[in-house]
Protein chains: 4
Amino acid sequence: MKSQKKLSFIEEARRNQIMTCAIEIISSRGYAQASLAQIAKEAGISKGVISYHFSSKDDLIEQIVSDLYESGSTFMTPYLAAQTTALGWINTYIEKNVLFMKSHRKHVIAVTEIIFHARDEEGKPRHFRNIDTDATINVLVKMLHRGTMEGDFREFTDFSARVLAATIRSAIDGLSFQLAASLDLDLDAYAKELVTIFQMAARKV
Amino acid sequence: MKSQKKLSFIEEARRNQIMTCAIEIISSRGYAQASLAQIAKEAGISKGVISYHFSSKDDLIEQIVSDLYESGSTFMTPYLAAQTTALGWINTYIEKNVLFMKSHRKHVIAVTEIIFHARDEEGKPRHFRNIDTDATINVLVKMLHRGTMEGDFREFTDFSARVLAATIRSAIDGLSFQLAASLDLDLDAYAKELVTIFQMAARKV
Amino acid sequence: MKSQKKLSFIEEARRNQIMTCAIEIISSRGYAQASLAQIAKEAGISKGVISYHFSSKDDLIEQIVSDLYESGSTFMTPYLAAQTTALGWINTYIEKNVLFMKSHRKHVIAVTEIIFHARDEEGKPRHFRNIDTDATINVLVKMLHRGTMEGDFREFTDFSARVLAATIRSAIDGLSFQLAASLDLDLDAYAKELVTIFQMAARKV
Amino acid sequence: MKSQKKLSFIEEARRNQIMTCAIEIISSRGYAQASLAQIAKEAGISKGVISYHFSSKDDLIEQIVSDLYESGSTFMTPYLAAQTTALGWINTYIEKNVLFMKSHRKHVIAVTEIIFHARDEEGKPRHFRNIDTDATINVLVKMLHRGTMEGDFREFTDFSARVLAATIRSAIDGLSFQLAASLDLDLDAYAKELVTIFQMAARKV
DNA sequence: CATGAATGAGCATTCATTCAT
DNA sequence: AATGAATGAATGCTCATTCAT
């Protein structure tokens with residue numbers, strides 16, 4: 001038991017080291033530069049180690065993505081669950097998304113890079129948001145309609161709600177790209193501005 | 001501002017053919033699929049022809065980008081020049097940007113793909129918007145401040161204007177990604193919604 | 001037309017050169033040694049050239065196999081077509097098979113190597129002779145039965161004919177392996193001995 | 001002739017387990033699939049264990065071969081020793097070889113695979129039969145000549161005896177390849193047919 | 001005895017680019 | 001003006017082997 005735990009600890013440490021190095025390269029130099037050779041060089045190990053700890057490069061990349069989703073969910077969920085109104089939910093959603101970016105800067109940049117590069121075998125984008133089907137947009141749409149019923153938001157058609165939801169997501173996704181280009185962004189202030197912008201854009205007139 | 005007038009008719013035609021094929025591949029199958037071999041195959045020519053007409057692959061890619069910027073500018077300028085208020089200018093900017101996407105769908109998708117892939121020698125993103133220096137954002141910021149003076153917009157600090165400007169650009173850039181995923185988007189309606197959203201977000205309370 | 005023919009000639013020459021080098025390596029050092037790097041080294045070219053002329057390593061290997069089948073068929077067919085009895089046909093089949101090995105020594109050794117190494121994705125042998133379904137065995141079985149009717153061969157059950165047919169093929173296949181180990185085999189004499197052996201094994205008592 | 005008596009019971013068991021798993025993989029999926037990783041996985045142990053018990057992969061492979069030779073010899077010797085004539089000896093040799101295959105099916109298939117893949121450092125085949133030097137062929141040649149003296153076989157030159165001996169071996173070796181492709185072969189009947197074939201091929205006219 | 005971890009060489013393949021014709 | 005041919009570096013991946021624990 002003790003030996004297993006220790007070995008598992010080493011394995012876990014290596015996996016984290018490799019993932020951290022991959023994130024470092026992807027966030028600073030882009031997805032295309034993140035070859036196994038570059039990642040291994042950054043980590044000071046041989047290429048084979050990566051293959052030993054991850055079944056494939058895709059596996060490594062997927063781990064980086066799902067790791068972020070997991071910590072994002074863990075971070076966001078309590079805040080969102082505490083909200084009692086749609087207005088509060090959306091404001092919190094925007095604000096906490098941005099603040100999460102602040103604490104996971106490189107990881108978020110890396111995952112954004114990954115998502116915008118991931119293609120299926122035919123070259124079709126794997127993760128681009130389809131305004132009619134994207135899960136995140138659907139949740140935002142539902143909240144916008146709820147906000148209308150609660151008297152905080154203006155009337156929305158399904159389409160107008162979807163466009164606003166997509167615009168909120170674009171603002172957050174776009175911020176991730178800005179992060180890769182701007183090192184000294186004040187994200188607390190940025191979050192407040194975004195909350196203001198979308199609160200005004202959605203509110204009852 | 002053509003760089004060289006010496007291009008013969010045939011040469012010009014070949015360049016356009018190659019660029020069109022590259023745009024077709026990049027927009028439909030993604031940047032990674034756009035190898036010279038694939039582009040040549042699509043065009044029904046040999047790889048050498050591309051090298052003959054473009055000094056490098058980067059040169060071809062840059063031409064595709066600057067071509068779009070040129071036609072975008074040609075399309076947008078008269079509409080924007082006709083505006084007498086900042087409010088009108090920004091509404092027009094948003095609306096006509098979206099309509100331009102409608103008429104240059106594949107080219108816009110391709111350039112968006114390129115922009116999010118292009119890196120300099122060190123791996124730094126070549127085109128990501130820096131909120132403090134990006135030319136487009138600067139123009140929007142100027143217009144937002146003018147709108148305040150004209151009594152149509154709320155008060156903005158430099159930072160709050162920059163965040164709103166960046167959000168407008170993110171909405172438009174993000175729409176380009178959606179275009180690659182959603183075939184049947186009603187762009188006229190989408191433009192109107194975006195105009196409404198940002199008019200509300202900027203207006204004087 | 002002339003230019004096409006000339007270029008096609010160069011291409012043909014390179015393909016033959018590559019195939020010849022691959023045959024040389026496979027026949028002398030075995031299938032496992034025949035990496036693209038080794039073949040390219042033997043040919044004094046870069047690995048890329050092979051990929052340029054063959055769509056894949058499998059393609060190159062398949063060409064080597066089908067080339068031999070084609071020349072084998074071209075060589076054998078007239079002799080076999082000239083035979084009027086089953087006895088003559090089988091004697092000729094054995095004799096000419098061995099003589100063909102004499103003139104295509106390395107190629108035959110290489111293809112035997114290839115055939116005995118080729119596996120499908122699950123590792124199942126692709127070309128091992130199934131006594132009940134192998135096409136070559138089926139032809140020999142038919143001839144054995146015909147020879148019985150013509151009064152030259154003893155009576156065969158289907159099974160006993162199949163075992164004899166398989167034994168004839170094993171003798172020829174096995175000779176190919178011997179060729180890889182024995183440089184100075186007298187194949188004309190060997191052919192005569194095999195003819196004698198199987199004539200005695202099949203004849204009417 | 002065991003080389004080392006020091007092997008503990010556990011060590012012996014482990015070696016057998018590893019060899020059995022290697023035989024299973026080689027016989028069912030081919031030599032190329034038999035990486036140490038696959039063998040270790042099949043055995044449910046780590047790769048290191050194999051290296052611990054065998055000095056190298058080649059050592060493991062050689063053990064599988066010599067193990068089969070040893071049990072083959074143990075099985076065959078009493079039957080052959082009981083024969084008083086060359087005719088009886090050769091018939092028994094063929095029949096018992098085939099029956100041994102029946103009882104050691106996978107092991108025989110695996111060893112046949114190994115023999116046709118094993119090469120020395122220079123790539124020369126390690127086990128292909130040289131008609132002039134192969135020990136098994138030499139024994140059969142001696143028996144054929146004895147059979148002539150005993151009045152059962154026709155006259156043989158050294159060469160004609162060697163070809164017949166090689167053909168007998170090819171028939172048996174070839175049967176092993178068939179075993180890998182045909183699951184339901186009646187080996188008792190097959191043995192009888194082979195005895196008939198070679199008795200007829202060798203007999204006095 | 002056994003393991004997990006790591007290595008480094010080798011694999012087939014793809015790529016942008018160059019060049020003689 | 002255009003091409004086919006060739007290059008050499010880089011890619012993700014697998015492998016037998018080694019070694020500290």
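Letters go in sequence order (proteins before strands), and every chain restarts at 1.
One can place CZ of D/Phe54 at 14 Å from P of E/dC1, the figure rounded to the nearest angstrom. Rounding to whole angstrom units, CD of residue C/Glu11 and P of F/dT3 are separated by 16 Å. Between D/Ile50 atom CD1 and E/dC1 atom P the separation is 17 Å, expressed in whole Å. In this structure, the CD1 atom of A/Ile10 is 10 Å from the P atom of F/dT21, given to the nearest Å. Atom C1' of nucleotide E/dC11 and atom NZ of C/Lys41 are separated by 16 Å, given to the nearest angstrom. When the P atom of F/dC13 is taken as reference, atom CG of A/Asp58 falls 7 Å away, rounded to whole Å. Straight-line distance from the OH atom of D/Tyr31 to the C1' atom of F/dC15: 12 Å, rounded to whole Å.
Taking the side chain to side chain contact (heavy atoms under 4.5 Å, CB included) definition, one finds that B/Tyr52 meets it with nothing, sequence neighbours left out. Residues passing the salt bridge (Lys or Arg N to Asp or Glu O under 4.0 Å) test with D/Lys106, sequence neighbours excluded: D/Glu24. Listed by chain and number, the residues in a side chain to side chain contact (heavy atoms under 4.5 Å, CB included) with C/Ser35 are C/Ala37, C/Gln38 (sequence neighbours excluded). By the ring-ring contact (aromatic ring centres under 6.0 Å, His included) test, A/Phe54 pairs with no residue at all, sequence neighbours left out. Not a single ring-ring contact (aromatic ring centres under 6.0 Å, His included) links D/His53 to another residue, sequence neighbours left out. D/Tyr31 meets the ring-ring contact (aromatic ring centres under 6.0 Å, His included) test with D/His117; sequence neighbours excluded.
Between A/His53 and E/dG4 there is no side-chain N or O to OP1 or OP2 distance below 4.0 Å. Between B/Arg14 and F/dA2, a side-chain N or O to OP1/OP2 separation shorter than 4.0 Å is present.
Annotation: salt bridge (charged side-chain N to carboxylate O under 4.0 Å, His left out) contacts involving residues 110-120 of chain A, sequence neighbours excluded, comprise A/Glu113-B/Arg119, A/Arg119-B/Glu113. Residues in residues 54-67 of chain B take part in no salt bridge (charged side-chain N to carboxylate O under 4.0 Å, His left out) pair, two or more places apart or across chains.
Atom OG of residue A/Ser28 and atom CD1 of residue A/Ile23 lie 11.5 Å apart, to the nearest 0.5 angstrom. Separation of atoms CG (D/Asn16) and CE (D/Met19) is listed at 6.5 Å; rounding is to 0.5 Å.
Between B/Ile109 and B/Ile26 the shortest side-chain heavy-atom distance does not fall below 4.5 Å.
Taking atom P on both nucleotides, E/dC1 is separated from F/dT21 by 22 Å, rounded to a whole Å.
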Could you pull out the protein-nucleic contacts involving nucleotides 8-11 of chain F (nitrogen or oxygen on both sides, under 3.5 Å)?
unit_1	atom_1	unit_2	atom_2	d
F/dT11	OP1	A/Ser35	OG	3.1

When the side chains of residues 41-50 of chain B are checked against the rest of the protein, which donor-acceptor pairs come out under 3.5 Å, sequence neighbours left out?
unit_1	atom_1	unit_2	atom_2	d
B/Ser46	OG	B/Gly48	N	3.4

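Judged by closest nucleotide on DNA chain F, C/Gly44 is the one of A/Ala34 and C/Gly44 placed further toward the 5' end.
The listed nucleotides are E/dT14, F/dC13, F/dT18; the one nearest the side chain of A/Ser56 is F/dC13.
Counting atom types as modelled, B/Tyr52 pairs a side-chain N or O with a base atom of F/dA1 as donor and acceptor under 3.5 Å.
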Worksheet item: If you write DNA chain F from 5' to 3' in dot-bracket form, with Watson-Crick or G-U pairs under 3.5 Å, [ ] for crossing pairs and | for pairs with another strand, what do you get?
Response: .||||||||||||||||||||

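Residues from residues 16-25 of chain A with heavy atoms under 4.0 angstrom of DNA chain F: there are none.
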